[in-house]
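Here is the structure we will look at, set down as structure tokens.
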Amino acid sequence: MLVLNEILKNRDAVVKALAKKHFKADEIVDKIISLDQVRRNTKQQLDDTLFESNRLAKEIGGLYKQGKKAEADALKEKTAELKDLSKTLNDKFEETQSKINSLIVEMPNTPCDLVPEGKTADDNVIVKMEGEIPALPEDALPHWELAKKYNIIDFELGNKVTGAGFPFYRGLGARLQRSLITYFLNTAIDNGFTEYQPPLVVNEASGFGTGQLPDKEGQMYHCNLDNLYLIPTAEVPITNIFRDVILKEEELPVKNVAYSGCFRREAGSYGKDVRGLNRLHQFDKVEIVEISNQEDSYHILDTMVAHVESLVKGLGLPYRILRLCGGDISFTSALTYDFEVFSAAQKRWLEVSSVSNFESFQANRLKLRYKTSDGKTKLCHTLNGSALALPRIVAALLENNQTPEGIKIPAVLVPFMGCDIIK
RNA sequence: GGAGAGGUGGGUGAGUGGCUGAAACCAACAGUUUGCUAAACUGUCGUACUCGAAAGGGUACCGGGGGUUCGAAUCCCCCCUUCUCCGCCA
């Protein structure tokens, strides 16, 4: 969520910035400004009332000690009034506060200046495109056919045991998953990230901390009995490590990486987009999360993009990097780069990574702060990115690397695969 | 799952109704002293909101949420969590 004081201080700038996200903010901001006046006034009155109550309580205590019971009892009546008054004021204060809160929560993050204007994915800016798109023969197979042909991924078995969107990986298919995870993790560790193995279920507070709750409740699997949620991404547990934390500036940047299964209900998805590995209810992903001070976050975003790029490059997949436009960027992000790889048999670009700087939007909700050397407490900036999500990488690898002899394994994976071709 | 004991500031830990936003010690930071290091001494040393130009006030917070009371870290209720013992178990 945006920072209240920033909204108040920079009203016009905020409204202007949000217009890029096609969000009309002027009315909502003005409502916030006037509610904030009420909030401050009420707070002042409330504090004054409580001050008086506290003063009287002390006086009463003193009188009792001196044995002046009658005088003390007289004062008690006064405090009863103050108590009513403070209750009323407190209710008003909390009500106003929560009104302000629910208005702020509706507001998306302000996009940074680099975010291009635009409405849809078509307006995203391609900042880089590399790698050769393989020329496959006419009878090239899409990955779901290849998966069947080589018996490495079994979608029907997943249907039987669990349901659609929960495939089994078998033999070299399973080993390919494990190899990719190892390759991604090892590269991240080489680049200075600390590896975590997080819990795969989280409590409600964590769901709120990273913003999945209350809005996207329907997107997460929920264990009713214990009121826990299956994580949609490792971002949730890894970022919530820092909920209500104040770091020292010299501890920054924090660089964490985690592999996890990810669980998404994907309510409302359908059609060709969800064929095969394109969209699953359970999939594997390695996620990088960084926490930075306010000055360095955009530089760090660049290093994260470079890290993800090295992964895709290493696999030899044709890729492009997009800077998302105002209409396509997520609610919480200030700047996002998407990575897409070309899946040559489906003949389409598949999104495999999304790397974002959230500035202080997430940190404000998390109450994640750092202390500067001169003792000031500031909100951190948080960033994260997939590095990488497996299914679409696997889809592209299978399709692009298919040959009459079998599916060629990229060199970086061979040591983990123990072979260089799936036959 | 059953029984018992706990949860206080960066750490240890005192505090069973008012004089406690919280002793003491340690750590940290600044200064003084000192050939250097160390030691000693002095001071500072939680977070948020709010009033104020500032100096400086005020309010809230002792795991979380409710309650009793003029007054709660302290009493009551619910929840979370840690430890010990028992049970179960990869």
Side-chain angles (χ1 to χ4, degrees), chain A residues 1-9 32-105 197 199-209 213-214 222-229 237 240-252 254 261 360 363-380:
Chain A
M1 58 193 290
L2 291 172
V3 178
L4 174 60
N5 279 335
E6 300 295 320
I7 299 175
L8 299 177
K9 253 196 309 193
I32 289 170
I33 291 173
S34 74
L35 279 169
D36 184 65
Q37 270 315 316
V38 176
R39 179 183 136 269
R40 279 162 197 263
N41 289 339
T42 313
K43 166 80 173 155
Q44 197 54 42
Q45 289 175 50
L46 174 62
D47 283 358
D48 290 347
T49 310
L50 289 172
F51 173 56
E52 185 62 12
S53 286
N54 288 343
R55 202 183 59 74
L56 282 176
K58 273 178 192 154
E59 207 177 321
I60 291 170
L63 288 172
Y64 271 126
K65 221 153 247 177
Q66 296 168 42
K68 298 179 180 168
K69 188 164 183 309
E71 285 178 47
D73 287 345
L75 283 181
K76 271 195 196 177
E77 282 173 34
K78 243 188 181 172
T79 62
E81 280 170 43
L82 288 173
K83 210 174 176 183
D84 284 346
L85 181 57
S86 69
K87 172 125 183 47
T88 312
L89 287 168
N90 191 48
D91 288 350
K92 186 176 173 191
F93 177 74
E94 278 177 2
E95 195 194 317
T96 312
Q97 179 95 344
S98 85
K99 268 188 200 160
I100 293 173
N101 229 345
S102 48
L103 287 175
I104 295 181
V105 164
Q197 273 197 23
L200 303 183
V201 291
V202 294
N203 58 28
E204 224 176 337
S206 294
F208 277 100
L213 294 174
H222 183 215
C223 314
N224 284 313
L225 216 50
D226 299 298
N227 196 25
L228 296 172
Y229 294 85
N240 271 286
I241 294 171
F242 301 96
R243 173 152 45 86
D244 294 320
V245 167
I246 301 178
L247 295 160
K248 294 192 194 104
E249 188 165 17
E250 56 266 31
E251 294 176 273
L252 301 173
V254 172
S360 60
N364 188 34
R365 192 191 267 259
L366 287 164
K367 298 209 188 69
L368 164 56
R369 289 157 293 173
Y370 67 100
K371 198 157 250 179
T372 61
S373 51
D374 55 338
K376 285 207 178 104
T377 309
K378 291 179 162 181
L379 285 170
C380 295

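Heavy atoms only: backbone and side chains are in, while hydrogens, waters and symmetry mates are out. Quick caveat: nothing in here was measured; it's all calculated off a predicted structure. Letters A, B, ... mirror the listed sequences (proteins, then strands); counts begin at 1.
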Could you identify the nucleotide paired to [N], looking across every strand shown and requiring Watson-Crick or G-U wobble geometry with both distances under 3.5 Å?
{"N": "U37(B)", "result": "none"}
{"N": "U81(B)", "result": "G6(B)"}
{"N": "U12(B)", "result": "A24(B)"}
{"N": "U59(B)", "result": "A48(B)"}
{"N": "A30(B)", "result": "U42(B)"}
{"N": "C19(B)", "result": "none"}
{"N": "G1(B)", "result": "C86(B)"}

Open item on the list: Just N and O in the side chain of N54(A): are any of them under 4.0 Å from OP1 or OP2 of G71(B)?
Closed with: no
- [ ] Using only side-chain N and O atoms of R40(A), determine if any of them is under 4.0 Å from OP1 or OP2 of C49(B).
- [x] no
Closest listed nucleotide, where the reference is the side chain of [X] and the choices are [options]:
{"X": "K65(A)", "options": "C70(B), C19(B), G46(B)", "result": "C19(B)"}
{"X": "K43(A)", "options": "U59(B), G18(B), C51(B)", "result": "U59(B)"}
{"X": "K83(A)", "options": "G58(B), G18(B), U69(B)", "result": "U69(B)"}
{"X": "F51(A)", "options": "G58(B), C70(B), G57(B)", "result": "G58(B)"}
{"X": "R369(A)", "options": "G58(B), U47(B), C70(B)", "result": "U47(B)"}

Open item on the list: Test your reading of the model: is there a side-chain donor-acceptor pair from N240(A) to the backbone of R243(A), 3.5 Å cut-off?
Closed with: no
Task: Side-chain donor/acceptor of R369(A) to backbone N/O of L247(A), under 3.5 Å - done: no
Open item on the list: Considering every strand and a 4.0 Å limit on heavy-atom distances, what is the contact class for R39(A): base, sugar-phosphate, or nothing?
Closed with: sugar-phosphate
- [ ] Describe the nucleic acid contact of T377(A) in one word from base, sugar-phosphate, nothing, applying a heavy-atom distance below 4.0 Å.
- [x] sugar-phosphate
Taking atom [atom1] in both [N] and [M], compute the distance separating them and give it to the nearest angstrom.
{"N": "U69(B)", "M": "G64(B)", "atom1": "C1'", "answer": "22 Å"}
{"N": "C62(B)", "M": "G9(B)", "atom1": "C1'", "answer": "9 Å"}
{"N": "U68(B)", "M": "A3(B)", "atom1": "P", "answer": "29 Å"}
{"N": "C61(B)", "M": "A22(B)", "atom1": "C1'", "answer": "12 Å"}
{"N": "C41(B)", "M": "U33(B)", "atom1": "C1'", "answer": "8 Å"}
{"N": "A23(B)", "M": "G15(B)", "atom1": "P", "answer": "14 Å"}
{"N": "A24(B)", "M": "C83(B)", "atom1": "C1'", "answer": "26 Å"}
{"N": "A73(B)", "M": "G6(B)", "atom1": "C1'", "answer": "15 Å"}

TODO: Measure across L63(A) and E71(A) and return the closest heavy-atom pair with its distance rounded to 0.1 Å.
DONE: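 For L63(A) and E71(A), the tightest heavy-atom pair comes out as CD2-OE1, 3.7 Å.
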Open item on the list: Closer than 4.0 angstrom, basic N to acidic O: yes or no for K87(A) and D84(A)?
Closed with: no
Open item on the list: Between K92(A) and E95(A), does any side-chain N to carboxylate O distance fall below 4.0 Å?
Closed with: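 Salt bridge flag = no for E95(A) with K92(A).
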Open item on the list: Please check if the number of heavy atoms outside E77(A) that lie under 6.0 Å from its CD is greater than 12.
Closed with: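 For E77(A), atom CD is not crowded (no more than 12 foreign heavy atoms under 6.0 Å).
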Task: Closest-nucleotide 5' rank along RNA chain B - winner of A80(A) and D36(A) - done: D36(A)
Task: First of I60(A) and A57(A) reached from the 5' end of RNA chain B, by closest nucleotide - done: A57(A)
Open item on the list: From CG of L56(A) over to C1' of G18(B), roughly how many Å is that when rounded to an integer?
Closed with: 14 Å
